[in-house]
Structure formats: structure tokens, C-alpha cells
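Atom set for the values below is all heavy atoms of this structure, side chains included, hydrogens, waters and symmetry mates excluded.
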Amino acid sequence: MFPVLQKRKLSENTYLMEIEAPEIAKKAKAGQFLVLRIDEKGERIPLTIADSDKKVITIVFLVVGKTTTELSLLKKGDSLLDVVGPLGNPSKIQEYGNVVIIGGGLGIAPIYPITKALKQAKNKVTAIIGAKSKDHLFWEDRFKEISDRVLIATDDGSKGKKGFVSDVLKELMQKEKIDLVIAIGPPIMMKAVSDVTRDRIKTIVSLNPIMVDGMGMCGGCRVVVDGKVKFACCDGPEFNGHQIDWSELMNRNKTYSDEEKCALGDAGRCQK
Ligand SMILES: Cc1cc2nc3c(=O)[nH]c(=O)nc-3n(C[C@H](O)[C@H](O)[C@H](O)COP(=O)(O)OP(=O)(O)OC[C@H]3O[C@@H](n4cnc5c(N)ncnc54)[C@H](O)[C@@H]3O)c2cc1C
Ligand code: FES
């Protein structure tokens with residue numbers, strides 16, 4: 001069992017949870033994720049390791065369906081049945097020069113450990129964080145501590161620039177030479193960023209297809225990269241954003257939408 005040490009709301013529909021998991025905390029590196037199951041009837045879901053320290057790992061999750069709703073209802077003193085990790089390949093951390101790292105919505109948390117590691121590797125790091133509105137943003141203060149500059153975009157203009165993170169990136173590209181872009185968030189946002197940088201700046205994205213085992217056995221996380229089939233859990237999750245078949249990824253992510261709505265209590269979507 002994995003004890004919940006803390007759970008708190010970070011912003012609209014977004015929660016932070018600290019879990020005691022010393023074996024995972026010892027080994028976790030930036031860019032890696034875990035697969036958890038709340039109880040024996042629960043489904044396995046992948047979440048990024050947003051931070052780790054000695055015995056404790058931190059996850060940040062957006063409530064989107066049944067399992068993330070149940071996770072948001074747990075409190076200090078409860079336990080998770082299984083937590084498997086760290087999984088996936090760590091981010092490639094080296095001195096690139098001028099790096100722009102972009103987190104959109106739930107992607108704000110996963111870019112945190114990568115930003116920290118890139119800064120320690122002597123890069124100049126600009127973090128662009130974006131969300132629907134200021135109520136959906138979090139960790140601006142934490143990013144200010146670990147990066148050289150934080151730029152903000154909100155869809156409704158309630159904080160920072162009104163528009164998308166890709167618009168902020170476009171403006172920055174006109175002003176300075178950027179050596180690497182990293183983007184994490186919904187596939188539509190990672191695609192938009194990759195379209196902006198195509199043929200100009202190397203761009204890394206972290207893919208979020210449906211995963212079951214997270215270890216290369218089930219084939220659930222199949223993605224097409226540079227025309228070849230890859231498994232995001234063991235070949236990734238980070239890939240070259242310019243080589244992703246984005247429409248295939250977005251279509252596959254909708255495969256179980258009826259079952260997901262049924263699990264949330266929408267009886268009209270349950271198969272007979
Ligand atoms: C490597 C990786 C890292 C991730 N990191 C984070 C994170 O740090 N924070 C966060 O909020 N979310 C993260 N996700 C997405 C998270 O796994 C899904 O939001 C979660 O599984 C939804 O479960 P649910 O039952 O609440 O929702 P459901 O109603 O079951 O599904 C809602 C949507 O979530 C996605 N999803 C559902 N089941 C899975 C699954 N088994 N694997 C992947 N996606 C699924 C689908 O796109 C689906 O349409 C990550 C996904 C991957 C692959
Ligand atoms: S999650 Fe099963 S192969 Fe990747």
C-alpha cells in the first residue's frame with residue numbers, strides 16, 4: 001500500500017497529491033511517469049512524476065473522468081493499492097543553450113522537473129505556462145524560482161497574454177534565437193507548438209496515449225512517429241514533435257469515450 005501524505009487543490013479541477021513511495025522517489029528522473037491503481041476494482045492510469053524527494057513523490061492531476069474523480073476524493077491517511085514506477089525514458093538533459101519549455105493545462109506540472117533539470121544543466125530556460133483562465137493556472141511562483149523567465153497565456157486573457165501558448169512562442173521566436181522547444185499538454189496544443197517551430201527549431205513533446213501496463217506489453221499506447229509504430233511507454237514518452245501522426249493519436253484517444261462516460265454514470269452511453 002502507498003500512503004497519501006497530502007492532497008490539496010491547486011486550481012480549478014486540478015489537485016496535487018504527495019504519496020509515500022521511497023523506492024520510486026529514489027530512482028525518479030525528470031520526464032518519467034508512474035501507473036497507479038486506487039483499489040482492486042480500479043483501472044490503471046498513468047500520471048507524470050511532478051516532483052520527488054527522498055521518500056515522497058508528487059503527482060498533479062486534472063479531474064477528467066472516473067479514476068481522477070476518485071483520486072480527488074482521497075485524503076491524507078488513505079492509501080493507493082498499487083503505484084508502479086518510475087516508467088518511461090527520462091528526458092535528455094544537457095546544455096542546449098536557450099531553451100523554451102511550454103506547459104499547457106495539465107502539462108504545467110510535468111514540465112516542472114524538466115525545467116529544474118535543464119536549469120541545473122546551465123541552460124537559459126524560459127517557461128511558458130498557459131490555461132483556460134487564471135483560475136486554471138498554478139505554480140507561477142515555483143517556475144519563477146527555477147527558470148530565467150516565466151511567460152503566461154490564458155484563453156480568456158484573465159492573466160498574461162490573451163491567446164494560446166503557441167502565440168507567445170511565435171512572438172518570442174521573432175525576438176531571439178531559440179535552440180530547443182519542449183512542449184507538454186493536450187495533443188492539440190503540442191501539435192500547434194510543433195507546427196509553429198517546424199523546419200526552424202527542434203521540438204520535443206511528451207505523448208499521452210491510453211496506457212495500460214506502461215511497460216511495453218499491451219500495445220495500448222501505440223503511436224506513429226516518422227511513419228513507424230512506437231510504444232509511447234517504453235520508446236518515449238518524449239518524441240520529436242515534427243514526426244508525430246497527430247490525427248492518429250487524437251483519434252485513438254477517443255476510442256473508449258462511450259465507456260468513459262458510462263463509467264461516470266451516463267447510463268445512455270453504456271453498452272447493453
Ligand atoms: C505518460 C502519461 C502521463 C500523464 N501524466 C498526467 C499528469 O501528470 N496529470 C494528469 O492530469 N494527467 C496525466 N495523464 C493523463 C491521465 O492518465 C488521464 O487523464 C487519466 O487516465 C484519466 O482517467 P479517468 O478515469 O479520470 O478519465 P476517463 O474518463 O477514463 O478518460 C478521460 C480521458 O483521459 C485519457 N485516458 C483515460 N484512460 C487513460 C489511460 N489509461 N492512459 C492514458 N490516458 C487515459 C483519455 O484521453 C480519455 O479520453 C498522463 C497520461 C500519460 C500517457
Ligand atoms: S502501455 Fe502497454 S505497451 Fe505501452
Side-chain angles (χ1 to χ4, degrees), residues 24 27-38 41-50 59-68 71 82-92 102-107 109-111 113-114 166 181-195 197-198 202-264 269-271:
I24 301 174
K27 296 183 201 142
K29 293 204 170 79
Q32 291 187 298
F33 64 95
L34 51 79
V35 170
L36 66 78
R37 200 161 60 124
I38 297 176
K41 288 193 177 153
E43 69 166 341
R44 299 163 60 87
I45 65 158
L47 293 169
T48 304
I49 302 170
I59 53 171
V60 173
F61 56 93
L62 186 67
V63 173
V64 289
K66 184 167 192 284
T67 304
T68 46
L71 208 52
D82 307 316
V83 183
V84 181
L87 299 170
N89 297 299
S91 307
K92 192 171 171 198
I102 307 175
L106 68 91
I111 65 165
I114 307 174
S166 48
V181 169
I182 300 174
I184 306 185
I188 191 78
M189 165 256 170
M190 295 191 283
K191 177 182 184 300
V193 167
S194 303
D195 286 345
T197 58
R198 192 172 299 277
K202 182 177 174 184
T203 299
I204 302 293
V205 294
S206 180
L207 297 187
N208 51 356
I210 291 179
M211 292 188 179
V212 182
D213 61 299
M215 286 183 255
M217 290 183 282
C218 69
C221 66
R222 194 175 72 100
V223 288
V224 176
V225 183
D226 200 19
K228 298 181 198 78
V229 169
K230 299 276 176 192
F231 293 137
C233 65
C234 52
D235 297 320
E238 293 181 3
F239 295 98
N240 179 340
H242 300 140
Q243 295 180 336
I244 309 295
D245 183 337
W246 292 105
S247 51
E248 204 253 0
L249 172 70
M250 290 186 239
N251 279 334
R252 273 180 71 84
N253 276 1
K254 288 186 218 143
T255 308
Y256 300 107
S257 55
D258 279 348
E259 287 83 353
E260 286 153 3
K261 292 197 175 78
C262 171
L264 263 183
R269 305 300 283 264
C270 299
Q271 287 172 351

So do [Y] and [X] actually touch side chain to side chain, heavy atoms under 4.5 Å?
{"X": "P187", "Y": "W246", "value": "yes"}
{"X": "I102", "Y": "V181", "value": "yes"}
{"X": "L36", "Y": "I59", "value": "yes"}
{"X": "L71", "Y": "I38", "value": "yes"}
{"X": "E248", "Y": "R222", "value": "yes"}
{"X": "L249", "Y": "P209", "value": "yes"}
{"X": "D245", "Y": "S247", "value": "yes"}
{"X": "K202", "Y": "H242", "value": "no"}

K92 bridged to E238 by N-O distance under 4.0 Å: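 Salt bridge flag = no for E238 with K92.
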
Check ion pair D235-K230 (N to O, under 4.0 angstrom):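 The answer is no: the pair does not qualify as a salt bridge.
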
Residues in side-chain contact (heavy atoms from CB on, under 4.5 Å) contact with M217, at least two apart in sequence or another chain: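 D213, M215.
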
Residues forming a side-chain contact (heavy atoms from CB on, under 4.5 Å) with A30, sequence neighbours excluded: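 side-chain contact (heavy atoms from CB on, under 4.5 Å) check on A30 returns S91, P113, I114, A117.
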
Value rounded to 0.5 Å, distance of [atom1] in [X] from [atom2] in [Y]:
{"X": "M190", "Y": "S166", "atom1": "CE", "atom2": "OG", "answer": "13.0 Å"}
{"X": "K27", "Y": "K29", "atom1": "NZ", "atom2": "NZ", "answer": "10.5 Å"}
{"X": "S206", "Y": "N89", "atom1": "OG", "atom2": "CG", "answer": "10.5 Å"}
{"X": "C221", "Y": "I210", "atom1": "SG", "atom2": "CD1", "answer": "10.5 Å"}
{"X": "T48", "Y": "L34", "atom1": "OG1", "atom2": "CG", "answer": "8.0 Å"}
{"X": "L207", "Y": "F239", "atom1": "CG", "atom2": "CZ", "answer": "5.5 Å"}

Between T203 and T197: side-chain donor-acceptor atoms closer than 3.5 Å: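 A donor-acceptor contact under 3.5 Å links the two side chains.
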
Of all heavy-atom pairs between [X] and [Y], which one has the smallest distance, and what is that distance?
{"X": "M189", "Y": "G104", "answer": "CE-N, 3.8 Å"}
{"X": "G88", "Y": "Q32", "answer": "O-NE2, 2.9 Å"}
{"X": "F33", "Y": "P46", "answer": "CD1-CB, 4.1 Å"}
{"X": "F61", "Y": "T68", "answer": "CE1-O, 3.6 Å"}
{"X": "I49", "Y": "P86", "answer": "CD1-CB, 3.9 Å"}

V83 and I24: CA distance, side-chain angles, deciding distance, side-chain contact (heavy atoms from CB on, under 4.5 Å) verdict: CA-CA 9 Å; V83 183; I24 301 174; 3.6 Å; yes

Donor-acceptor under 3.5 Å (Q243 side chain, V225 main chain):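 A pair under 3.5 Å: no.
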
Side-chain donor or acceptor of R44 paired with backbone N/O of V212 under 3.5 Å: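 Confirmed, R44 side chain pairs with V212 backbone.
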
Derivation and outcome, side-chain contact (heavy atoms from CB on, under 4.5 Å), residues V35 and I45: CA-CA 5 Å; V35 170; I45 65 158; over 6 Å; no

Residues forming a salt bridge (Lys or Arg N to Asp or Glu O under 4.0 Å) with K228, sequence neighbours excluded: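 For K228 the salt bridge (Lys or Arg N to Asp or Glu O under 4.0 Å) partners, ignoring immediate neighbours, are D226.
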
